[in-house]
Amino acid sequence: LAIVETNMGYNKANAAVNRAVEYTVNWPEDGGPALATVTITFTHGMEGMDPDCDPTPRYGATYDDMVGRCYFNYLRVYAPGGSTLVSVDNIDESTVTTQRGERGTQVFAGYTIIRTGGWYEVSFTYELPERITREAYELIVQRQSGTGPLPLTLQIDGERYATTLTSGELHWKP
């Protein structure tokens, strides 16, 4: 699992945005592929400096003027290759894509806007490929380079684990 963001605004708003991730995966009792949901919570720490979310390219008088704008976020979730997107929440549906990614991954992507002073939650739900079984499940979570510590909650087949990812990646095994 990797979450990768790109600030598509002519600003520095991502510097004011904090993130937290919750990842849940469960296998149905009747067999079949596991269902995974990754939920990313964004909190924009600057209050009301860009109430209209104006995407016009412009400078400001200070660096804070560039940070205190809406975060125009192109968001990608990297999942195991062969995963199938089931649903997305709080993403502009006209921008949602799914495609094969690097190193055998599947990439789900879409565009969203995080308003100043706001809290926003985005979710991707997908089926894991049938080759990923409960008995042999392992998870690697990769943190995007250059981002701050990432609060992370895992709920894997009923087992809960919470941490803050400060290094590049986390390896989880039951």
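- Under the 4.5 Å side-chain heavy-atom criterion for grouping Ile, Leu, Val, Met, Phe, Trp and Tyr, Val17 is not connected to Met46 through any hydrophobic cluster.
- Side-chain atoms of Thr62 and Asp64 form no donor-acceptor pair, as typed in the model, at a separation below 3.5 Å.
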#### Entry: Pair Val25-Asp157, side chain to side chain contact (heavy atoms under 4.5 Å, CB included): steps then yes or no
CA-CA 6 Å; Val25 63; Asp157 211 25; 5.9 Å; no

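- A donor-acceptor contact shorter than 3.5 Å links the side chain of Asp54 to the backbone of Thr56.
- For the side-chain hydrogen bond (donor to acceptor under 3.5 Å, both in side chains) with Ser123, the qualifying choice from Thr39, Thr24, Thr37, Asp89 is Thr39, the only one to do so.
- For Arg131, the CZ atom sits in a packed shell: over 12 heavy atoms of surrounding residues, nucleotides or ligands are nearer than 6.0 Å.
- Smallest separation of non-hydrogen atoms from Glu5 and Gln144: N-OE1, 2.8 Å.
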### Query
When you look at Leu150 and Ile3, which way does the side chain to side chain contact (heavy atoms under 4.5 Å, CB included) test go after all the steps?
CA-CA 11 Å; Leu150 180 65; Ile3 298 164; 5.5 Å; no

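- The CZ atom of Phe42 sits 12.5 Å away from the CD1 atom of Ile113 when rounded to the nearest 0.5 Å.
- Arg143 pairs by the salt bridge (Lys or Arg N to Asp or Glu O under 4.0 Å) definition with nothing, not counting sequence neighbours.
- Aromatic ring orientation, Phe108 versus Tyr126: tilted (interplanar angle from 30° to 60°).
- Checking side-chain atoms of Asp50 against main-chain N and O of Cys70 turns up a donor-acceptor pair under 3.5 Å.
- With hydrophobic clusters built from ILVMFWY side chains whose heavy atoms lie under 4.5 angstrom apart, Leu170 shares a cluster with Val77.
- Residues passing the side-chain contact (heavy atoms from CB on, under 4.5 Å) test with Thr133, sequence neighbours excluded: Glu135, Ala136.
- For the residue pair Cys53 and Phe72, the shortest heavy atom distance occurs at O-CZ, 3.4 Å.
- The distance from the CD atom of Gln99 to the CZ atom of Arg76 is 9.5 Å, given to the nearest 0.5 Å.
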### Task
Verify side chain to side chain contact (heavy atoms under 4.5 Å, CB included) between Tyr137 and Trp172, making sure each step is shown before the conclusion.
CA-CA 9 Å; Tyr137 186 76; Trp172 184 92; 3.8 Å; yes

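- The heavy-atom pair separating Ala109 from Tyr74 by the smallest distance is CB-OH, 3.4 Å.
- Atom OG1 of Thr153 is separated from atom OH of Tyr161 by 10.5 Å, given to the nearest 0.5 angstrom.
- Side-chain contact between Tyr111 and Ser94 is absent, with no heavy atoms from C-beta onward closer than 4.5 Å.
- When side chains are defined from C-beta on, Val21 counts as touching Leu152, because their heavy atoms get closer than 4.5 Å.
- A distance of 15.0 Å separates OG1 in Thr116 from OH in Tyr71, rounded to the nearest 0.5 Å.
- Note on Val107 and Val122: separate hydrophobic clusters, where clusters join Ile, Leu, Val, Met, Phe, Trp and Tyr whose side-chain heavy atoms are under 4.5 Å apart, directly or indirectly.
- With hydrogens and angles disregarded, a donor-acceptor distance shorter than 3.5 Å links the side chain of His44 to the backbone of Arg69.
- Closest non-hydrogen pair, Pro149 versus Thr164, comes out as CB-CG2, 3.6 Å.
- Side-chain contact between Arg19 and Asn14 is present, with heavy atoms from C-beta onward closer than 4.5 Å.
- Here the closest heavy-atom approach between residue Pro129 and residue Ser83 is recorded as CD-OG, 3.5 Å.
- At least one donor-acceptor pair closer than 3.5 Å links the side chain of Thr112 to the backbone N or O of Asn90.
- In this structure, a donor-acceptor pair under 3.5 Å is absent between the side chains of Gln142 and Tyr78.
- Grouping the Ile, Leu, Val, Met, Phe, Trp and Tyr side chains by contacts below 4.5 angstrom, directly or via other members, places Val96 with Val38.
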